[in-house]
There are 2 protein chains.
Amino acid sequence: MDTPLREPTFLILTALAREPMHGYAIIGEVAALSDGRLSLRPGTLYGALDRLTDAGLVELDREETVDGRLRRYYRLSPTGDATLAAETERLRRNVEAATARLRARSVQPLAPRTAGGLA
Amino acid sequence: MDTPLREPTFLILTALAREPMHGYAIIGEVAALSDGRLSLRPGTLYGALDRLTDAGLVELDREETVDGRLRRYYRLSPTGDATLAAETERLRRNVEAATARLRARSVQPLAPRTAGGLA
DNA sequence: GCTGAATATATCGGACGCGAAGATATTGCG
DNA sequence: CGCAATATCTTCGCGTCCGATATATTCAGC
């Protein structure tokens with residue numbers, strides 16, 4: 001898993017970091033995590049869970065049946081935990097780099113050539 | 001451009017935030033920005049530049065010919081600047097959310113049931 | 001003077017994650 | 001009884017990315 005995680009995958013792992021959850025609950029948790037910016041579609045969620053399970057980042061925790069409806073709980077594996085931590089660090093560095101660049105530009109938007117200061 | 005930027009695209013915009021650069025120089029700049037973690041391939045770079053140009057996030061700044069080799073400089077457009085700032089904020093929130101979740105798990109890895117404290 | 005590495009651009013095909021849409025089944029509300 | 005909400009799963013197409021390849025020029029080494 002050298003490839004960087006995309007946002008939906010990253011937030012799914014984040015949602016599972018605290019405690020095991022079932023798929024449908026993850027949709028709501030990710031929406032909350034992202035302040036409603038990202039609403040996961042079933043295709044994205046279950047596809048991602050299958051991929052993450054195959055990759056060994058999440059594991060099936062348990063299955064419950066509540067009111068006749070199946071709930072399949074997933075949990076973060078140790079590998080998934082480490083991956084999420086590493087990904088978070090990677091993002092943190094990217095954020096820092098971009099912030100520094102944006103600030104640098106803000107300080108000196110354009111070289112003051114046309115304003116006719118001296119010369 | 002509602003879709004979140006992928007990492008290569010994000011770092012290309014970051015590289016351009018400070019000053020206009022030509023394609024080949026961006027490859028080195030992105031490598032430096034990511035501490036060598038991400039080495040852009042030509043296919044990724046020029047494809048991304050075309051897409052970003054079409055989307056209005058970057059603009060052709062100027063063309064130079066140095067030692068018979070063409071250099072095509074790109075610069076961040078105001079839209080690209082705003083997009084990069086917004087994306088950085090989005091990432092910052094994701095990093096914060098993940099960090100909080102990882103910390104929460106670290107404080108209480110498992111419910112202390114088996115350790116037999118009291119009871 | 002030729003070869004190969006570095007500079008600098010471009011293009012094509014495959015892989016893969018994501019999103020839209022719809023199917024299925026159950027409970028609860030009006 | 002029909003409709004919304006809960007909860008799962010599947011199929012299809014798109015966009016992005018990467019690997020590979022091509023082209024052209026300069027410079028270093030032999």
Side-chain angles (χ1 to χ4, degrees), chain A residues 1-13 15-16 20-32 34 36-55 57-58 60-74 80 83 87 90 94, chain B residues 1-13 15-16 20-32 34 37-55 57-58 60-74 83 87 90 94:
Chain A
M1 186 60 82
D2 206 12
T3 320
L5 304 175
R6 313 293 204 300
E7 192 177 36
T9 308
F10 179 81
L11 290 176
I12 288 171
L13 292 186
L16 291 176
M21 300 186 81
H22 66 279
Y24 195 80
I26 293 176
I27 293 179
E29 184 69 9
V30 166
S34 65
R37 293 191 318 277
L38 184 66
S39 84
L40 286 184
R41 304 292 155 187
T44 303
L45 174 70
Y46 294 105
L49 285 176
D50 287 346
R51 268 184 286 113
L52 291 170
T53 301
D54 287 346
L57 300 187
V58 307
L60 185 60
D61 189 69
R62 67 189 188 278
E63 290 182 348
E64 286 179 1
T65 300
V66 178
D67 290 334
R69 280 187 288 266
L70 176 66
R71 286 183 179 174
R72 187 164 286 150
Y73 283 77
Y74 292 89
T83 300
E87 271 297 302
R90 180 212 297 264
N94 288 350
Chain B
M1 190 59 84
D2 204 10
T3 321
L5 304 175
R6 313 285 194 292
E7 192 179 37
T9 308
F10 179 81
L11 290 176
I12 288 171
L13 291 187
L16 291 175
M21 301 184 81
H22 67 278
Y24 195 80
I26 295 175
I27 294 179
E29 184 69 10
V30 166
S34 64
R37 294 191 317 277
L38 184 66
S39 84
L40 286 184
R41 305 292 157 188
T44 304
L45 174 70
Y46 293 105
L49 285 176
D50 287 346
R51 269 183 286 112
L52 291 170
T53 301
D54 287 346
L57 300 187
V58 307
L60 186 60
D61 188 69
R62 68 189 187 278
E63 291 182 346
E64 285 179 3
T65 300
V66 178
D67 289 335
R69 279 188 291 266
L70 176 67
R71 285 184 179 173
R72 188 164 287 150
Y73 284 77
Y74 292 89
T83 301
E87 271 296 302
R90 181 213 296 264
N94 288 350

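In the text below, chain A, chain B and the rest are named by the order of the sequence lines, each starting its count at 1. The structure presented is a predicted model; accordingly, all values stated were derived computationally and were not measured.
In summary, B:E64 and B:R72 do not engage in a salt bridge, as defined by a charged side-chain N under 4.0 Å from a carboxylate O.
Here B:Y46 reaches the OP1 or OP2 of C:dT9: one of its side-chain N or O atoms lies under 4.0 Å away. Between B:R6 and D:dC17 there is no side-chain N or O to OP1 or OP2 distance below 4.0 Å. OP1 or OP2 of C:dT7 has at least one side-chain nitrogen or oxygen of B:Y24 nearer than 4.0 Å. Listed pair A:T3 / C:dC16 fails the phosphate criterion, with no side-chain N or O lying under 4.0 Å from OP1 or OP2. OP1 or OP2 of C:dG17 has at least one side-chain nitrogen or oxygen of A:R51 nearer than 4.0 Å. Between A:R71 and D:dA7, a side-chain N or O to OP1/OP2 separation shorter than 4.0 Å is present. Regarding contacts with the backbone of D:dG19, a side-chain N or O of B:R41 is found under 4.0 angstrom from either OP1 or OP2. Taking side-chain N and O atoms only, A:T9 has a distance below 4.0 Å to OP1 or OP2 of C:dC18.
For the pair A:E63/A:Y73, no side-chain contact is recorded, criterion being any heavy-atom separation below 4.5 Å from C-beta on. By the 4.5 Å heavy-atom criterion applied to side chains, B:R71 and B:T65 are not counted as neighbours. Side-chain contact between B:I12 and B:L40 is present, with at least one heavy-atom pair separated by less than 4.5 Å.
Along DNA chain C, the nucleotide nearest A:V66 and the nucleotide nearest A:S39 are compared for position; the residue whose nucleotide lies closer to the 5' end is A:S39. Toward the 5′ end of DNA chain D lies the nearest nucleotide of A:G23, the other residue of the pair B:G68 and A:G23 mapping further downstream.
Across the protein-nucleic acid pair, B:I27 atom CD1 and D:dC18 atom C1' stand 13 Å apart, rounded to whole Å. Distance, A:D50 CG to D:dT8 C1': 11 Å, rounded to whole Å. Atom CG of B:L45 is separated from atom P of C:dA8 by 12 Å (rounded to the nearest Å). In this structure, B:I12 atom CD1 and D:dT16 atom C1' are separated by 11 Å, rounded to whole Å. One can place CD of B:E7 at 10 Å from P of D:dC17, the figure rounded to the nearest angstrom. Atom CG in A:L70 sits about 17 Å away from atom C1' in D:dA5, given to the nearest Å. The CZ-P distance, from B:R37 to D:dC18, rounds to 13 Å in whole Å. Distance, A:I26 CD1 to C:dC18 C1': 16 Å, rounded to whole Å.
With A:R51 as the partner, the side chain to side chain contact (heavy atoms under 4.5 Å, CB included) test is satisfied by one option alone out of A:V58, A:T9, A:L57: A:T9.
Between C:dT26, D:dA20, D:dC17, one nucleotide has an atom nearer to the side chain of B:A48 than all others, and that is D:dC17. Of the candidate nucleotides C:dA8, D:dC18, D:dT8, D:dT8 has the atom lying nearest to any side-chain atom of A:H22.
Side-chain atoms of A:R72 and base atoms of D:dT8 include no donor and acceptor less than 3.5 Å apart.
Atom-to-atom distance recorded for B:L45:CG and B:S39:OG is 11.5 Å, nearest 0.5 angstrom.
As judged by a 4.0 angstrom heavy-atom cut-off over every strand, A:G43 is placed among the base-contacting residues.
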